[in-house]
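So the structure is just underneath, and the comments pick up after that.
Since the model is a prediction, treat every value here as computed from it, not as a measurement.
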Number of protein chains: 2
Amino acid sequence: MTSTIDYDPYETLCHDCRLVESCLPYGLAKNELKQFATMVKSKPPILSDQYLYRQDDEGRSLYVVKTGSFRGFISSTDGAEQTIGFYLPGELMGFDAFQHGRFTSSSIALETSKVCELPLSQLNELCRLIPSLQTQMLRVLGKEIESDHNQILLLGHRSAKEKMAIFLLKLSHRYNALGFSKTEFNLTMKRQDIANFLGITNETVSRLLTELHQQGIIAINRRNIKINNMNALKVLVEDCY
Amino acid sequence: MTSTIDYDPYETLCHDCRLVESCLPYGLAKNELKQFATMVKSKPPILSDQYLYRQDDEGRSLYVVKTGSFRGFISSTDGAEQTIGFYLPGELMGFDAFQHGRFTSSSIALETSKVCELPLSQLNELCRLIPSLQTQMLRVLGKEIESDHNQILLLGHRSAKEKMAIFLLKLSHRYNALGFSKTEFNLTMKRQDIANFLGITNETVSRLLTELHQQGIIAINRRNIKINNMNALKVLVEDCY
DNA sequence: CGTTGCTTTGATTGGTGTCAACTTATGTGG
DNA sequence: CCACATAAGTTGACACCAATCAAAGCAACG
């Protein structure tokens, strides 16, 4: 499967990166950005289904998605999983290692993906030197927390249909923010992943997508989805966003 | 109703505070702690049902619970609420204002409570001066994120009974960490609050508590709860923790 | 004491999960 | 290139957990 997100085939430094506006160093002065860039470690691409990091691994870095997408999840001791989020380009992963230096979740690539690695030791040091980076750091942490809160809101008080609609709208919004179509995109995750993320079963996901398709609100073929009636989706949610 | 948590009737500085080991400045050297303490603003006690802060308010401070307890929640545009957490002494509130300088959740006192206020501007400055404070800051942020992830796990994949058991076990654990009994304590929140937090209805909460009572696993009278059989509760959860 | 808000209990309904069968896509080896 | 195995996705029948609606019990408080 080819990725819908593959606009950066060559290695670039931060100041050339088209993600810079949504990434951590947003708002830094030119010389600061240059300094920031020296810290960034590049890694070989992560293939589909490969782990970026595993729960309980030592966590010494943050990671930013450069291309591709990831799925973050927690495993219970019995092997049951809960997907806590999907990560698209420009989004950060690995905050959960801040507490004890070990990841409390795992991250796995949904397709061939590239990341920028930010070693925490250097990031901390740089935050002291560059106040606006410190501010920006707290800002993305706040964003992460707010995003988690929204997920709690979604899981706690929404019907399966509302959850599905919210999921699609949010994905649309995020793709749009990255400069892609907000009405047509490829789902990089399996039905099962969506189901797990929303706290429902894959059968229910399948049924709901079929239903939305039959109502003409979306058109879906395998992983390709087209939103025909954005408003109808919003009506389903009514007031969540 | 009298609080179960009322061991600090007099104003104290950080170095005298019995919460210091679980609070933000944990691990700071004596002189650093002194410096930290000068930043702490004391506030008049918050009475029951009073807001500490409201969603969309400007957020320029973090707050630490000194005595009492709070309920944090998000409101949708239609007025529906989702409780995102309960806060006991030593726990921090207000991280969600990091993103845009405004709270994305509200916090309300469940009983007469006291908080320490930490102005963000000074906290940021101090983090630059005291590296171990910076580390500690990231640690509590990591803890907050992990806690949110656990809540997502709970809401996504647990039956009502499991949710209830997890809620009680977690509360027991937190009270114990504060030096209180882990088998007997008062619930400072209403059934409705618990229900909302767990994503179920208050009727279900009531039924489950009654059921656990009849099975002899707990003894509950209004807000007072006694856990008679901790193991039985853990068996209900099996593998979550 | 009467009002009020919180809690409990009961009867009924419906949304999702569960189980199972089938279809479709992908990949492998002969 | 085909036969086969495997995984992903769809669809249907049925069961059950928890929501909903309704009403009564119970503590707090003026």
Side-chain angles (χ1 to χ4, degrees), chain A residues 1-3 47-49 71 80-83 108 110-112 154-168 186-215 218-225 236-237, chain B residues 1-3 47-49 71 80-83 108 110-112 154-168 186-215 218-225 236-237:
Chain A
M1 168 153 329
T2 59
S3 165
L47 302 181
S48 189
D49 291 326
R71 177 174 73 94
E81 287 182 5
Q82 167 68 46
T83 297
I108 201 168
L110 293 168
E111 55 191 316
T112 301
L154 181 141
L155 289 170
H157 282 286
R158 299 285 166 185
S159 70
K161 193 180 279 190
E162 287 174 316
K163 288 175 178 179
M164 196 70 233
I166 292 169
F167 176 73
L168 294 177
N186 284 325
L187 303 171
T188 58
M189 69 294 287
K190 301 183 235 177
R191 299 286 190 272
Q192 178 57 49
D193 295 333
I194 299 173
N196 187 284
F197 179 61
L198 299 178
I200 55 183
T201 60
N202 51 2
E203 291 96 329
T204 300
V205 168
S206 187
R207 275 186 257 268
L208 288 172
L209 288 175
T210 302
E211 190 186 334
L212 291 172
H213 183 101
Q214 283 168 350
Q215 292 172 344
I218 63 171
I220 187 154
N221 189 297
R222 303 281 295 165
R223 301 279 181 97
N224 181 269
I225 186 166
L236 284 179
V237 180
Chain B
M1 168 151 330
T2 60
S3 166
L47 302 180
S48 190
D49 291 326
R71 178 173 73 94
E81 289 183 3
Q82 168 69 44
T83 296
I108 201 168
L110 292 169
E111 56 191 316
T112 302
L154 181 142
L155 289 169
H157 281 285
R158 299 286 167 184
S159 69
K161 193 181 280 190
E162 287 174 316
K163 287 175 178 178
M164 197 69 234
I166 292 169
F167 176 72
L168 295 177
N186 284 326
L187 302 171
T188 59
M189 67 294 285
K190 301 183 237 176
R191 300 286 189 271
Q192 178 57 48
D193 295 332
I194 300 174
N196 187 285
F197 180 61
L198 298 179
I200 55 183
T201 61
N202 52 2
E203 292 96 328
T204 300
V205 168
S206 186
R207 275 186 255 270
L208 288 172
L209 288 175
T210 301
E211 189 186 334
L212 291 172
H213 183 99
Q214 283 168 351
Q215 293 172 344
I218 64 170
I220 188 153
N221 188 296
R222 304 281 294 167
R223 302 278 180 98
N224 181 268
I225 186 166
L236 284 178
V237 180

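Between A/E203 and A/K161, the residue whose closest nucleotide on DNA chain C is further toward the 5' end is A/K161. Sequence order on DNA chain D of the closest nucleotides to B/A160 and A/Q214 puts A/Q214 first from the 5' end.
Ranking C/dG17, D/dA19, C/dT8 by closeness to the B/T210 side chain, first place goes to C/dT8. The listed nucleotides are C/dA20, D/dA19, C/dG17; the one nearest the side chain of A/I200 is C/dG17. When each of D/dA18, C/dT9, C/dA25 is scored by its nearest atom to the side-chain atoms of A/R222, the top-ranked nucleotide is C/dA25.
A/R223 has its CZ atom 15 Å from the P atom of D/dA7, to the nearest Å. Across the protein-nucleic acid pair, A/D49 atom CG and D/dA7 atom P stand 12 Å apart, rounded to whole Å. Here C/dT24 presents its C1' atom at 16 Å from NZ of A/K190, a figure rounded to the nearest Å. In this structure, A/E162 places its CD atom 14 Å from P of D/dA19, rounding to the nearest Å. Atom pair B/I220:CD1 and C/dC6:P shows a separation of 16 Å (rounding to whole Å applied). With rounding to whole Å, B/N202 atom CG is found 10 Å from D/dA19 atom P. To the nearest angstrom, C1' of D/dG9 lies 13 Å from CG of A/D193. Atom CD of B/E211 and atom P of D/dC17 are 11 Å apart (whole Å).
Salt-bridge formation is detected for the pair B/R71/B/E81: a Lys NZ or Arg NE/NH1/NH2 atom is positioned less than 4.0 Å from an Asp or Glu carboxylate oxygen.
Side-chain atoms of A/T83 and A/N196 include a donor-acceptor pair closer than 3.5 Å. A donor and an acceptor atom, one from each side chain of A/S206 and A/R191, are nowhere located under 3.5 Å apart.
For the OP1/OP2 pair of C/dG15 and a distance below 4.0 Å, the side-chain nitrogens and oxygens of A/T204 include no atom meeting the criterion. At least one side-chain nitrogen or oxygen of A/R191 sits closer than 4.0 Å to the OP1 or OP2 atom of D/dT10. Remark: B/T201 is not in phosphate contact with D/dT20, judged by side-chain N or O atoms under 4.0 Å from OP1 or OP2.
Residues that satisfy the side-chain contact (heavy atoms from CB on, under 4.5 Å) test with B/S159, not counting sequence neighbours, are B/K161, B/E162.
Scanning atom types as modelled, no donor and acceptor separated by under 3.5 angstrom connect the side chain of A/R207 and the base of C/dG15.
Among the protein residues, B/L209 comes within range of no part of the nucleic acid, since none of its heavy atoms lies under 4.0 Å from any strand. Nucleic acid contact class of B/S206 (heavy atoms, under 4.0 Å, all strands): base.
With rounding to the nearest 0.5 angstrom, the CZ atom of A/F167 is 4.5 Å from the CD1 atom of A/I194.
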